[in-house]
Every structure is written in structure tokens, then in C-alpha cells.
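Heads up: the structure comes next, in C-alpha cells.
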Amino acid sequence: EVQLVESGGGLVQAGGSLRLSCAASGFTFDDYAIGWFRQAPGKEREGVSCINSLDGTTAYSEYVKGRFTISKDNAKKMVYLQMNSLKPEDTAVYYCTADLLPIPCTLVVGHPNGAESWGKGTLVTVSS
């Protein structure tokens, strides 16, 4: 079965940085697009980023473009989300997801409730 485990969340002050990790198992990593989503308290879930595990194509939401960077390590079956210049509005539970290729990463990010598989999430809290 598909398993996704997030880690790296925590408390950070505005302007700081965190790196989230998503460990994938139970499926052929290169056959999937791996996404990051987030949900803040009392708000709808939104797409953050996505990476095509096969060719490295990426997508970002406009809210995080220029501040966040998604990357991957196929040998370790890991996806990372480097978050810089964090703002209080980035506070949320962050989830990683898996969707079977050839789905485009732009579509993954644009459909926050459509992912096939989800991790349990990791909490990021940004203080002002």
C-alpha cells in the first residue's frame, strides 16, 4: 500500500526557515507526482507544490513561489519542501500526497481535494 510520512514541522519565527520531508514507500516512486498541501485552522486546504518524480517537473502556488522549493531524492524515495522567509499565514498542517503519472503537477496543485493518497501531516507554526 502507498505510505507517505511527513516530518520536519515545528515552531519558527517569521522570517525563518524549515525543511519538510516526505518519506514514500509501498509503490513505484518514479510513477507518481508527489505534492504538498496545507490546511490552516478554520480554512480550506490549499495546494502548495508538486514534483514529478520521473522528470523533476515542478509546480508552486502563487502564495509560496519564490520562497519555497520542492526537491526529491529518488534513491531514498524522499521529497523535500524547503520553506524560507516564513510568514504567520504559512501556519498550517502540511501534507504530502501521491498521484499516478502522467498527471501534470499544475493539476495536482490546483485540486487540493483530489489527491489519491495522503500522509498524516506535520504541523508548521510561524509566530509573528
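Cluster membership check: Leu101 does not share its hydrophobic cluster with Ile70, using side-chain heavy-atom separations under 4.5 Å among Ile, Leu, Val, Met, Phe, Trp and Tyr. Neither Val109 nor Tyr60 shares a network with the other; the hydrophobic side chains, linked directly or stepwise wherever heavy atoms of I, L, V, M, F, W or Y lie under 4.5 Å apart, form separate groups for each. Clustering ILVMFWY residues whenever any of their side-chain heavy atoms sit less than 4.5 angstrom apart, transitively, puts Phe68 in the very cluster that holds Val126.
What you find for Ala115 and Thr97 is that their closest heavy atoms are CB-CB, 3.6 Å. Annotation for Ser85 and Asp90: closest pair O-OD2, 4.4 Å, computed over non-hydrogen atoms. Glu62 approaches Lys65 most closely through the heavy-atom pair OE2-NZ, 2.8 Å. Minimum interatomic distance between Ser128 and Pro88 (heavy atoms only, all atoms of both residues): CB-CG, 3.8 Å. The nearest pair of heavy atoms linking Asp99 to Gly114 is OD1-O, 3.8 Å. Minimum heavy-atom separation, Val108 to Ala33: CG2-CB, 4.4 Å.
Note that CD of Glu116 is 6.0 Å distant from OH of Tyr32, once rounded to the nearest 0.5 Å. Distance check, rounded to the nearest 0.5 Å: CD of Glu6 to OG of Ser21 gives 10.5 Å. Atom CZ of residue Phe37 and atom NE2 of residue His111 lie 10.0 Å apart, to the nearest 0.5 angstrom. Note: Leu18 CG to Tyr94 OH = 9.0 Å, rounded to the nearest 0.5 Å. Residue Leu11 holds its CG atom at 8.5 Å from OG1 of Thr91, rounded to the nearest 0.5 Å. With values rounded to the nearest 0.5 angstrom, Arg38 atom CZ is found 6.0 Å from Ser61 atom OG.
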For residues 71-83, which side-chain N or O atoms pair as donor and acceptor with protein atoms under 3.5 Å away, sequence neighbours left out?
{"from": "Lys72", "atom 1": "NZ", "to": "Ser53", "atom 2": "O", "distance (Å)": "3.3"}
{"from": "Lys72", "atom 1": "NZ", "to": "Asn74", "atom 2": "OD1", "distance (Å)": "2.7"}
{"from": "Asp73", "atom 1": "OD1", "to": "Ala75", "atom 2": "N", "distance (Å)": "3.2"}
{"from": "Asp73", "atom 1": "OD1", "to": "Lys76", "atom 2": "N", "distance (Å)": "3.3"}
{"from": "Asn74", "atom 1": "ND2", "to": "Asp30", "atom 2": "OD1", "distance (Å)": "2.5"}
{"from": "Asn74", "atom 1": "ND2", "to": "Ser53", "atom 2": "O", "distance (Å)": "2.9"}
{"from": "Lys77", "atom 1": "NZ", "to": "Phe27", "atom 2": "O", "distance (Å)": "2.8"}
{"from": "Gln82", "atom 1": "NE2", "to": "Asn84", "atom 2": "OD1", "distance (Å)": "3.0"}

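Taking the centre and axis of the six-membered ring of Trp36, the NZ or CZ atom of Arg45 falls outside the cone set by 45° and 6.0 Å.
Applying the salt bridge (charged side-chain N to carboxylate O under 4.0 Å, His left out) test to Lys120 and every residue at least two apart in sequence or in another chain returns nothing.
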